[in-house]
Amino acid sequence: MSAPIIQIRNVVKRFAGGTTAVDNVSFDIGQNEFFALLGPSGCGKTTLLRMIAGLETPSEGEIIIDGVDMAFTPPNQRPVNMVFQSYAVFPHMSVLQNVEYGLMVTGTPKDETRKRAKEALDMVQLGHLGERRPDQLSGGQRQRVALARALVKRPKVLLLDEPLSALDAKLREAMQLELARLQKTVGITFIIVTHDQDEALSMADRIAVMNAGRVSQIAAPIALYEAPASRFVADFIGKVNLIDATVTGVKGNEVACKAKGLGEILIPSNQPAKGQVTLAVRPEKLTLGTAAPKKAGLVKLSGTVRDVSYYGDTSHVIVTAAGIELAVNVQNDARRSSIITRGQNVWVSWAPDDTLILTE
Amino acid sequence: MESWRNNRFLFWLLTLPGAFWLALFFVAPLSVLWVYSFGAKSGITDIEITGTALNYLRALDPVYFQIMWKSLWISAIATFVCLVLAYPIAFAICFAPTRWKPVLLLITILPFWINLLIRTYALMAVFRTNGFVNQTLGGAWNFFDGLFTGGSFPYQPLQLLYNDGSVIAGLVYVYLPFMVLPLYATIERLDKSYLEASLDLGASQFRTLMSVTVPLTMPGIISGVLLVFIPCLGAFLTPALLGGANAIMIGNVIEAQFKSANDWPFGAALSFILIYATFGALALRWVLTRKSQGEGA
Amino acid sequence: MTAEARPAPGLRRFWPAALPQGPLDYGRRLWMRVLLASVFLFLYAPIAVLIAFSFNDSKRNIVWQGFTLKYYAVAWNNADLFDAMTNSLIIAAVSTLFATVIGAMVGLQLWRFRFPFKGAYEGFMALPIVIPEITLGVSLMAFFFKLGWMTTDLGWPFNLFPIIIAHIAFCFPFVAIVVRSRMVGFNMQLEEASKDLGASQWQTFRHVLLPYMKPGLIAGALLAFTLSLDDFVITYFTSGPGSVTFPVKVFSMVRRGVTPDINAASTVLIVITVVATVLAMKMQAPDKTGKGQ
């Protein structure tokens, strides 16, 4: 990672009511990174973003932007700009005036202001709507105005607070692509706050998963999904089957675990583990069959289909096997692919390699 | 909401008492007064309706014109002082911790419920030559005077009553809550992220106030200004008690025409000049709010 | 990264509540608090002084001479003042009753019905609130003279009628506003449900609408009561020699000078209105019952 543009050092935020929104958080965000803060509502992600913007003051700790401690820098003097969740496009100004505002208030010459504002509007494909009033725009257009208004300031970091939450599903998907493209074009750091895992996974270079004011894990999307560090992260990102197990021994690169209904299985793992652990398997890693799989070395279970939800491309199946419930995602890859019905007896199997051992 | 045609009986049942009352005891009296304003005194209690405009012309007489002018600027200053004081107060209440908000709001508007006369009287007692303010100032003055000069410059009480300043102070004292309430209501409804966005884009606190907060709270400012300015313009009690003979406003002249001078037609004309001024102010608000709505606020 | 969390530098360490938590935390800014405190002092100090000196054992009302209740006795035994207070309370009670009923009807009508020229009608209903009080006062005075009510002595208590009529006229629009804003939160489906369950229009009003409207009615009534009790300007012009109210009486006394028994009587009136106001505020406090989309 290149030199960090933002360093967050032991930041704590306590609110007047006594709640701790952010609890001793430290991490770095690199130059030109698309960084996502992901977590359930109330996890402190927005508070953290607002502290970076200067809209909240940390109770403890430091926020360093481009090497400068921001403790006493008010928001209007920070080299960051924000796209607000409500967009906060000034209703008493035209689109162009909105975009010019940030340059005008800092004394940029008039002709340069106009030129840069027009460029910024062109960049978000709103060049033709400069004279419109915000109430004549759609939600998506208002968001582009908010984007242009922040980017025209040429900030070192762009902060986006749940930017897509107010858009409908189709538009959201298009904007995800566009934001990622835009970030590559302007070449600055984007920090996005979201509670939507798909948004974070599809756009971000790295994701910090937050829970109850703390950072649970920081990793690239693939690592986060395939190698979550904790039960919380595994459960929060995508769907997962979690099985309680006990470690019975370590043999070389394999850990032997004993779990109810599974017996003893050997799982390839480099991490030391002992005592009580949780085994995690993603539903799409599980295979469903009417007969016992012939391949050796698989984890196999016989059970009964309890529920089937049909989603067109996939079916989500819940199987009860040996006293545990397993979620299985079946790809409907052939038109007449096996029709699974409730109450049917099936075999569930997966490769031990697809099993994760979670100690937290 | 349903159309009145759906339930005509209920509609008229609910409508008639109020409409009757206003027609009989509001419109009719005002009409009588309006007709009187075109009349002339023909005896001690008799008024002859001659259709003359002399009463209105008499209002332009320098003596009365000056009083009207004075009423106008005293009201304007009082309104302005109210605005300048009330804006930060409304702001402070809006941004106070949630549990404090209702308390602060109650403290602000409670004086509004206390009798106007009693409040004015209380202010009178405080501002008197030997009132609370002069007592306090005098005590401090005499203490330091005794300390430094051995008491060679005894305190001369300030004449705080019976001037334009005391009337303005009285009007501000009485009408300040009227300004705080509409301002509070608009600021409370204002999406705070507009202010944050402005700060985030590099504007200073002052710039944010002037370019974002004030324009976006303009409807509240206009309502507050009208709520204070209109009663100030017609004020009668405050100048009568705090202004004495030195600070007469149009309300005092109207009172005199009906109570002592007994020139009802002239008093009626002055009253209607007051009403026209009120309507003018209301029309101005209508134009201003339409304009700001047109701007999308 | 694993170092102990470092406390924020400077003043915030010693006095965490003193500094703003963010740029919009105006409520915590020192100058804001000083201003708020000064304005509250300006608003309350005169009233506090007035109340304090009603207990002062000194005729000249300047320096504290000791606690006494004798001016309350003086005020109580002042027959004119006592009669004025009785008149005020009777006028306030009767006009509150009428203003509440008429105002509630207007409020319901404006909330319930759509009709031609509604905007103009609403403006008309708000006129008594907007028109300068003194104009309303002198117009009613002229009107009652014209009807002969002010020149012939109607005898007590009938000589209070003009004042009551005037008070109803300027009080009921306020009640209408309070009732209407209360009804805005009413879930219309409750009414439909009641009718669907077989209730007549009257039963629906009696058992569904009226209970919902009640806090608004009480708040409106208390508002009308204080407005009537407090009114000086309109009463001043519509009262005759036999129908003096408390504020009008106090006005004539105040013109002659400041005396402790006025302080005592004023204190009593302040207590009455403050209690009524706080009750009204409690009634208006929003609740969640019956609210709909």
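Hydrogens, waters and symmetry mates play no part in the numbers below; they use all other heavy atoms, side chains included. First the proteins, then the strands, lettered A, B, ... as listed; each starts at 1.
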Do the non-hydrogen side-chain atoms of C/Phe246 and B/Leu117 ever get within less than 4.5 Å of each other?
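A side-chain contact is absent here, since even the closest heavy-atom pair is not under 4.5 Å.
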Given that the side chain runs from C-beta out, which part of [X] has a heavy atom under 4.5 Å from chain C: side chain, backbone, both or neither?
X        : result
B/Leu233 : neither
B/Ala240 : side chain
B/Tyr36  : side chain
B/Tyr173 : both
B/Asn7   : both
B/Leu241 : side chain
B/Phe279 : side chain

Answer yes or no: are there more than 12 heavy-atom neighbours, outside B/Tyr276 itself, under 6.0 Å from its atom OH?
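Atom OH in B/Tyr276 is crowded, with more than 12 foreign heavy atoms closer than 6.0 Å.
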Quick one: sort the C/Phe143 and B/Phe25 rings into parallel, tilted or perpendicular, breaks at 30° and 60°.
perpendicular
Out of C/Ala142, C/Pro128, C/Ala166, C/Pro132, which one racks up the most heavy-atom pairs below 4.5 Å with chain B?
C/Pro128
Is the ring centre of B/Tyr121 less than 6.0 Å from the ring centre of C/Phe251?
no
Going by an N to O cut-off under 4.0 Å, is there a salt bridge joining C/Arg112 and B/Glu2?
yes
